[in-house]
Structures are given as C-alpha cells and as structure tokens.
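Note sheet for the following structure.
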Amino acid sequence: MPSSSISERVQTRASELLKEHEFSLQSKTDQLFGGLLVIEWLAAIITSIWLTPYTWLGSHSMVHDHVWSASILGGMISLPPLLLIWQRPGSVITRHLIAIAQMMSSGLLIHLSGGRIEFHFHIFGSLAFLAFYRDWRVLVTASLVVLLDHYLRGVYWPVSVFGTTTASSWRWLEHGAWVVFEDCFLAYSCIRSQREMKEISLRRAELEIHGDLVEDTVSRRTQELADANASLKLHVAKRIQIEQELVAAKEAAEAASMAKSEFLANMSHEIRTPMNGVMGMTSLLLDTPLDDPQRSFAETIRHSADSLLSIINDILDFSKIEAGRVDLERIPVSIQACIEDAIDLFAQQAEAKDIDLLYLIHENTPPWILGDITRIRQVLVNLISNALKFTDKGDILVEVDATLIPAPDGMDTSREWHEYHFRVIDNGIGIPADRMDRLFKLFSQVDASTTRRYGGTGLGLAICSQLTELMGGHIWVDSTPGRGSTFHFTIQNQETDAQEDESTPLIDPSVFKDRSVLIVDDNPTNRRIFSLQIQRWGMLPLEAGSGQEALEMLERKDFKVDLAILDMQMPGMDGLDLAERIRAIPHAKGLPLIMFSSAGLAPARGDARWQWFDSYLPKPIRQSQLSLALARALRVYSSTPAPIFDAPLVNQQLADAIPLRILLAEDNLVNQRVARLILSRMGYNVDVVSDGQEVIRAIEIRDYDVILMDVQMPIMDGLEATRLLRSSGVSQVQIIALTAHASESDRQECLAAGMNDYASKPLRPNILEQKLRLAAARMQSAASAT
Amino acid sequence: MTPSRITSSKWILVAAAVWLLAIGGGYSWIMARSFQASELGENPVLDLKTVHMLDVEKPTLFVFLHPECPCSEATVEELARISERCEGELKIFGIFSDYPTLPQPAGRSRLWNKLESILGARSLLDEDAHLRHSFHAATSGECFLLDTDGHVIYHGGITSSRGHSGPSIGGDAIISFFNAGNISTVTAPVFGCTLDND
C-alpha cells in the first residue's frame with residue numbers, strides 16, 4: 001500500500017478517534033456538570049432557607065425573596081442545561097449553556113450568601129471545572145457572562161459589586177481581568193491538552209492502521225503458509241509413498257538376501273553331506289593298506305576335499321558377513337594361544353617347505369583380551385596360509401603388539417582398551433605395488449596366473465578385511481616384490497584377567513634366572529625370538545649364526561654357558577653334526593643341549609646322535625614347549641618327553657580306552673555308513689537310527705552314553721528329539737550334534753535345545769575322537785559330582 | 001480539535017435566548033428587590049430617657065433591629081466592622097423591637113447575643129416601641145449617630161442592599177467620621193424590613 005494512502009488513512013482515523021475521545025470526554029464532563037448544577041440548585045435552596053428563611057413586616061413573617069429566588073431562579077438556571085445534557089450530551093451548545101448556567105449559579109449563590117467574598121471563589125472554581133471540556137471557547141462564554149454581570153451591576157447596582165456608588169465605569173474590567181487572567185492559564189492548558197489528545201489519537205490511529213496492515217500481512221502469510229502446508233502435505237504424501245515403496249523394495253531385497261542366505265546355507269548343507277561321504281571314506285581308505293600310487297590318489301582326494309570345504313566355508317562366511325549376520329563373541333582370549341593354534345595348523349606344511357613358522361608377542365601386549373577367538377584366528381589362519389602359499393624358503397613371522405586407546409563409544413570402560421596390531425611377515429614373492437589395492441576386494445588376486453598357480457577363490461582377504469572392520473580395525477599390506485610381504489591388521493579389544501590355559505608355561509620362570517643360553521641357528525629371526533623370550537625369563541642369550549661359530553665360542557675355555565639350543569637344519573653343519581662336535585670338546589661334554597627341529601625330524605626317526613640331546617623343542621616355537629624344554633635340559637623339571645609319532649587318522653584303540661554305548665541318528669545313508677565305519681574303526685559297536693522318533697524309541701529300549709544326533713532329519717529333527725528327551729528327564733546321555741550348518745548361531749541353537757556338544761560335517765575322525773573324549777570327561781565329571 | 005461552533009438548530013437558539021432573558025429578568029427582579037430602599041423618617045426628638053443614654057465623651061449610634069430579620073443580621077455584621085474600625089470610640093445601642101409572633105423572645109435571639117459581643121455595643125429591648133417611635137424609625141437596620149449633645153450626625157442604613165453586608169455608603173461615612181473627623185454624608189438609604197405592622 002502506498003505510504004501517502006497510509007498517511008491519509010492515519011489522518012482520517014486519527015480525526016475519528018479524536019472526535020470519539022472528545023465526545024466521550026465532553027459527555028462525561030456534561031454529566032459531571034449536570035450533577036453539579038443540581039447540587040448547586042439544592043445548595044442555593046438550602047442556603048437561602050438556612051440564612052434567610054423569612055422576611056418580616058413587623059410581627060408578620062413571610063417567605064424570604066431569597067428562598068423564592070433560589071427555588072425558581074435556581075431551577076430556571078439548572079433545568080434547561082440538564083435537559084440538553086440528557087438529550088444532547090457532548091454537543092457544543094450543551095457545554096456553552098452549561099458554562100452560562102454555571103456562572104449564573106455562581107451569581108445566585110453569591111447573592112444568596114449575602115455577597116460573601118468567599119462565594120466569589122465559586123466562579124474561579126467553575127472556570128477551572130469548565131476547562132475539563134478541553135475547549136477554551138467555553139471559558140470565553142463563561143467569562144463573558146461574568147464580565148456582562150459586572151458591567152451591568154457596575155452600571156445599575158455598583159454598590160452590589162464594588163461596595164461603592166462612586167466606582168469607575170471601567171472597574172468592571174478590573175474584575176474581569178482577573179477572570180481573564182485565570183482564563184489564560186486554563187485556555188493554555190486546554191490547548192495543550194488538545195494537542196496531546198491529537199497526538200494520542202494520531203498514535204492510536206497509527207497503531208490501528210499498522211495493526212491492520214500487520215494483520216493483513218499475517219493473514220496473507222497464513223494463507224501462503226496454508227498453501228505451502230498443503231503443498232508440503234502433498235510432497236510428504238509422495239515421500240511416504242516413495243518410502244513405502246522403498247520399504248517394500250528393502251523388504252523384497254531383505255527377503256532376497258534371506259533367500260540367498262538360506263540358499264547358501266542349504267547349498268552348504270547339501271554340499272557338505274556328500275563331502276562328508278567323500279572325506280570320511282577317504283580317511284577310512286587311507287587307513288587301509290594301499291600301495292604308493294593308491295595312497296597318492298587317496299591323499300589327493302582328501303586334499304581336494306579339504307580345499308573344496310575351505311571354499312565352501314569362505315562362501316558361507318562371506319554371505320553371512322554381507323548379510324550382517326555375524327555376531328562377534330566377547331569371551332576371554334589368550335593372544336598367545338590364538339597365535340599358536342593358528343601356527344600349529346600349518347606346522348606340517350611349513351616343515352614340508354622347510355619354512356620356519358615363528359611368532360613374537362611384544363611385551364607391551366596384554367596377554368588376555370575379550371574378543372572372538374574364532375574370528376581372530378580365522379584372519380590369522382588366512383594370512384599365514386597365504387604367506388605359506390607364496391613363500392618358498394625362509395621364515396614366516398607372526399608379530400603382535402598393542403597400543404592403549406580410549407574405549408569406543410558406548411562400550412564398557414571398566415578395563416583398558418587396546419588396539420592390537422598383528423603382522424604376518426614373510427619373505428616370499430611379494431606383491432607389485434599396482435596390484436595391492438585389489439587384494440582385499442572380492443574375488444581378487446594379484447593376477448590370473450596366481451589363481452592358476454596357487455589356487456584360491458579370492459574371497460579370503462576380502463573376508464579378512466570385513467572381519468577386521470567388524471572387530472574395529474582394518475587390514476593393509478606392505479610388500480616388495482621378490483623380498484616378501486607384511487600383512488597388517490588391527491583389532492580393538494578390551495583387556496581382561498588371565499584365565500586358565502594349557503599354553504601358559506608350566507615352569508616357574510624364576511628357575512631360569514641368570515642362566516646363559518647359546519642359541520645356534522642360521523635364521524636371525526629365530527635367534528631374535530629365542531633371545532627376546534629367554535630374556536623375559538631372566539636368562540642371558542648368546543647367539544651363533546652357524547655351527548662353526550658356535551664351536552669357536554665353545555672351544556674357548558673362558559666361555560661359560562649353561563645351555564645350548566641347536567637348530568637341526570643349518571647349512572654346512574646341521575644340529576646333529578654340531579652336537580657331535582660339541583661333545584668332542586672336553587669342557588663341553590656335559591653342556592645340556594636342546595634340539596630345535598621340526599616334527600618330521602623328531603627323535604623317533606632313530607638317529608643315534610639324538611641321544612646327545614637333553615631335550616627336544618619342536619617347531620614352531622611355543623613358549624610353553626620352550627619353557628618345558630629348557631627346564632628338562634637344565635634338570636629343573638623331570639618328565640619323559642612325550643613320544644612323537646605319526647598318529648594314525650583313526651585311533652583304533654579308542655573304544656578300549658573310553659568304552660561308550662553310542663547311538664547314531666542320521667538319515668543319510670552315506671553319512672550313516674561313514675560315521676559307522678569311523679566309529680567301528682575306533683572299536684565301537686554303534687546302533688543306527690534315521691530320525692528323531694526312532695531315537696526316542698531306542699532310548700526307551702536301551703541306555704546310551706552318547707547320541708550322535710544329526711540335526712536335519714525327516715519326521716522329527718534332532719533339535720526336537722533332544723528337547724523331548726531333556727523334557728522327559730533324560731539328562732545323563734551326552735548328545736553331540738552333527739550338522740552341515742556350521743555357523744555359531746547353529747551351534748547356539750543346538751546347545752539351547754539341550755545338546756552337549758557340536759561337530760560339523762564333514763565328520764573328521766580326529767574331531768570325532770576329541771568330541772567323544774570330551775563327552776566321556778563330562779560324564780565322569782557328572783558322576784563324580786553325584 | 002474540531003473548532004467549537006454552535007450549530008444547534010434554530011429552536012434551540014431561540015430557547016436559549018428565551019432562557020437567558022428569563023434568567024436576566026429573574027436576576028433583575030431580585031436585584032431590584034435587594035436595592036429597594038425604605039423611606040427615612042424625620043429626625044428624632046429625644047426625650048430625657050434617651051438623652052441619658054448618650055455617652056458624654058463619644059458619639060452614640062442607635063441602631064433599630066428586628067430580632068429575626070436578615071436585614072438586621074447584615075446590619076449587625078456591618079456594625080461589627082464599624083466598631084472595629086472606630087477602635088472603641090463609638091457607643092452602640094442595638095434597639096430590638098419585640099413582637100409576640102417571634103419564635104423566641106427578642107432578648108434570647110441569636111442576633112441579640114451577637115450584638116452584645118461587639119465592642120462598645122449593647123442590646124436594648126424597645127418595650128412598647130418607645131424608642132422606635134421616639135426616633136421615628138420604621139425600618140430594620142436604620143441607624144442614628146448622635147454626638148454627645150444629642151445632635152444627629154448620621155441617619156440611614158449601613159448595608160449595601162437588603163440583607164447584604166459589606167462596604168456601604170452609610171458604614172463608610174460613619175467610619176470616615178471617626179477616622180477623618182468629618183462625615184462624608186449625613187444620610188444614606190436604608191435596606192431593611194418594616195418594623196411596624198402597618
């Protein structure tokens with residue numbers, strides 16, 4: 001709206017407001033004067049009756065003229081203005097008549113009071129009261145009445161107003177001047193009040209007009225908002241629709257993912273079932289008399305089956321990680337045991353390739369953590385496997401240290417958190433720099449020739465990468481082609497108190513304190529690891545890189561050493577030759593010697609020179625075994641070393657050692673046969689049923705110590721049968737689940753149903769033996785408890 | 001403010017004019033009544049009793065009053081002013097007429113006592129209207145100022161109008177006589193009620 005238009009509206013509205021205000025003010029003042037005129041009229045009557053009730057003619061009295069004057073003239077003065085106040089309040093003529101009447105009343109009261117000077121103040125008070133009208137013209141009217149009264153009195157009755165008959169004809173002006181004197185102030189006051197009223201009206205008008213404008217603006221904006229809101233609602237509705245479509249798509253994708261996972265699990269199961277037959281039968285085949293080509297073929301079958309199983313496991317793992325279905329455990333884990341377990345798996349392979357498998361746990365590494373040992377070991381195994389695959393000679397070192405870190409958000413802060421940095425160092429073929437970035441991607445290897453030469457699916461490192469991320473870390477690699485690679489990975493874990501563990505050194509390290517040890521090994525990494533470890537136990541390491549160097553040191557008469565560890569395989573002079581030469585040194589004949597050798601070269605091989613050794617330390621180095629070997633050599637621990645031999649695949653005397661009544665529940669005929677044969681080889685007579693109901697019936701007929709229960713069976717599956725047995729009070733029998741479903745959640749489900757243990761298919765004889773031994777131990781423990 | 005203008009209809013103006021005239025008439029009437037003077041009688045003939053009332057050292061003012069009349073009230077108020085201005089050099093006798101119709105005897109009226117409280121003034125009851133007749137006084141408020149020898153110095157009223165106190169020609173004349181030694185006028189209108197029943 002143009003500003004000129006607004007200004008006009010303001011002026012118009014200000015004028016209206018001023019009129020309203022004036023009318024209100026003047027109407028109220030009219031009412032006040034109406035009351036005052038009535039009071040004055042009554043006062044005049046009362047005054048006249050009180051002061052001059054009667055006039056006398058001698059003894060005769062009559063009503064005084066003043067009483068009549070007060071009553072009649074007073075009424076004549078008051079009534080017409082009262083009529084106008086009633087009929088035309090706020091009008092101009094009303095207030096002017098009131099002004100005249102008020103001045104007349106003053107005159108009447110002065111007259112009735114006998115001309116008392118005090119009553120003259122009524123005139124001045126009335127003028128001030130008339131100023132309430134904020135209209136100076138009313139004062140003029142009132143003052144004109146006063147002046148006219150004085151003028152007429154001065155002319156006709158000068159004594160009545162001036163007290164003398166000889167007053168000047170202008171004296172009325174003197175009296176009038178005092179009235180005008182007051183009028184000036186009152187008029188000035190009226191004019192100022194008028195200005196203020198005008199300003200107030202203007203402000204009010206501005207407020208109103210601007211208020212209206214604001215209201216219009218608000219109304220317009222509200223409409224705009226309503227429009228926008230409607231548009232937004234439409235938009236939101238569309239978004240909701242899209243969201244619903246997205247949710248539906250997500251659900252469809254999840255269903256597809258679920259179906260894929262289900263498919264993978266089923267596929268895993270379906271593949272494992274025939275694999276069980278292949279692997280079981282191969283194991284059994286290898287335990288039969290075979291000529292060399294036949295054994296070679298059978299071993300190839302077993303190796304291929306192992307590879308296939310590894311691939312299946314990788315695919316299953318990957319699908320679970322992709323689907324976010326991997327639940328990490330938080331249980332106490334010994335870092336040392338974890339590494340040693342991983343290394344042990346490759347001991348034979350390493351020996352076969354003449355590669356030393358070593359590990360080094362730095363001192364700053366808390367030995368026990370809360371973590372998922374399975375997943376940590378899985379990463380380690382994968383990396384060690386790769387290292388072994390791509391290394392032809394030298395050694396593979398697994399190293400770990402730790403750095404203190406703040407607790408991750410939302411995690412328990414009662415114990416300190418560490419970032420564990422694992423390194424798997426090899427001196428293999430290395431990886432070109434431009435190929436490193438693809439290593440941790442799915443189905444990626446260094447190049448196609450790698451697959452051809454070394455095999456593998458390319459899933460292993462991708463799974464490692466995802467697992468390390470799940471454990472709060474990451475994985476990367478440093479490598480120099482031709483010189484080797486170092487695979488790093490980190491995980492974040494909370495430290496915890498030490499638990500009981502078989503790998504913990506049995507020997508109190510204090511017995512080794514201040515003993516000196518000569519370490520003879522051509523591999524500097526081995527020497528370094530030995531040195532670091534024995535230094536931790538308070539021993540003094542001395543190193544020799546070859547047999548010749550060791551002999552030179554020992555031949556010196558001033559060279560004092562309490563013990564020597566000799567590596568078996570050294571270039572030029574192996575451990576046996578060195579031992580023979582040492583024994584030839586007169587002052588070293590009694591020096592305790594420890595043979596450090598791979599299992600394949602163990603004492604059982606029958607070389608007579610083994611007798612010169614006081615103890616034997618198998619590769620790879622394990623702290624507990626090193627501790628034991630040192631103790632035996634130093635005669636601080638007496639125990640015959642455990643015989644090292646090539647164990648058969650199936651322990652054929654197991655049933656003699658651990659007699660058990662076993663029920664096998666398995667619907668698949670091949671698997672039935674494999675399991676029955678393995679158990680028969682172990683010396684067990686097994687009853688076989690093919691579903692859960694038959695298990696229930698068999699239990700009613702005969703007592704069993706162990707039930708090997710397939711999980712997936714027709715009619716009644718293994719889980720339901722187990723629940724039924726447990727709920728019916730059958731608690732002593734040990735139930736071991738057999739299933740191709742190999743996940744942790746499957747294991748938990750089996751245990752929750754009441755099963756005691758779990759073995760995944762394909763069934764391996766050694767695993768089965770271990771499970772049976774554990775079951776027997778549990779039964780014995782339960783029996784002794786009762 | 002919008003200029004104030006008398007914009008009323010014609011009849012209101014006419015009515016206002018009539019009203020003003022009526023009031024003017026009323027005022028004129030009461031003013032005429034107030035300034036309606038009574039006629040003065042002849043100078044008094046003093047008898048012996050009256051002569052004995054004269055003070056031998058200062059003038060004596062005889063004032064004839066009605067006990068209930070407002071004009072007498074105004075006169076007594078004026079007497080108080082005159083007595084104060086004459087500083088006790090004037091002997092005043094307030095001669096109260098007595099009538100059987102009065103609400104109370106003249107000697108117990110408020111005006112009687114009021115006069116007694118004025119310096120040099122004394123109230124006298126004019127039994128049988130003896131003094132009033134002697135002095136030929138017919139109007140309340142009528143005064144006679146006599147010297148020590150009984151000669152009339154002033155004869156008339158000392159109020160400006162009926163029932164109105166305040167400066168008046170008569171009052172000022174008496175005061176000027178005592179202050180200046182000569183009197184400005186020997187007579188002035190008297191505004192009062194009739195003392196006789198006639």
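Every chain is numbered from 1 and lettered A, B, ... according to where its sequence line falls, protein lines coming before strand lines. Side chains included, hydrogens not; waters and symmetry mates left out as well; all remaining heavy atoms used.
- For B:Ile23, the parts sitting under 4.5 Å from any heavy atom of chain A are the backbone and the side chain alike.
- Listed by first and then second residue, the salt bridge (charged side-chain N to carboxylate O under 4.0 Å, His left out) pairs involving residues 63-81 of chain A are A:Asp65-B:Arg33 (not counting sequence neighbours).
- Neither the backbone nor the side chain of B:Ala74 comes within contact range of chain A, judged by heavy atoms closer than 4.5 Å.
- Interface remark: B:Ser140 contributes no atoms to any contact with chain A (heavy atom separation under 4.5 Å).
- The stretch residues 31-41 of chain A places none of its residues near chain B, where near means some heavy atom under 4.5 Å from a heavy atom of that chain.
- Heavy atoms closer than 4.5 Å to chain B are found in the side chain of A:Arg153, but not in its backbone.
- Of the possible donor and acceptor atoms, one in the side chain of A:Ser106 sits under 3.5 Å from a partner among the backbone N and O of A:Gln102.
- Residues A:Phe129 and A:Phe132 place their aromatic rings such that the two centres sit under 6.0 Å apart.
- Contact check for A:Leu130 versus A:Met103: side-chain heavy atoms found under the 4.5 Å cut-off.
- Between B:Phe62 and B:Phe93, the ring planes are parallel. Angles under 30° get that label, and only those over 60° would be called perpendicular.
- Other residues, nucleotides and ligands contribute only 12 or fewer heavy atoms inside 6.0 Å of the OH atom of A:Tyr54.
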> When you look at B:Tyr99 and B:His66, which way does the ring pair (Phe, Tyr, Trp, His ring centres under 6.0 Å) test go after all the steps?
Replying inline: CA-CA 9 Å; B:Tyr99 306 99; B:His66 190 289; 4.8 Å; yes

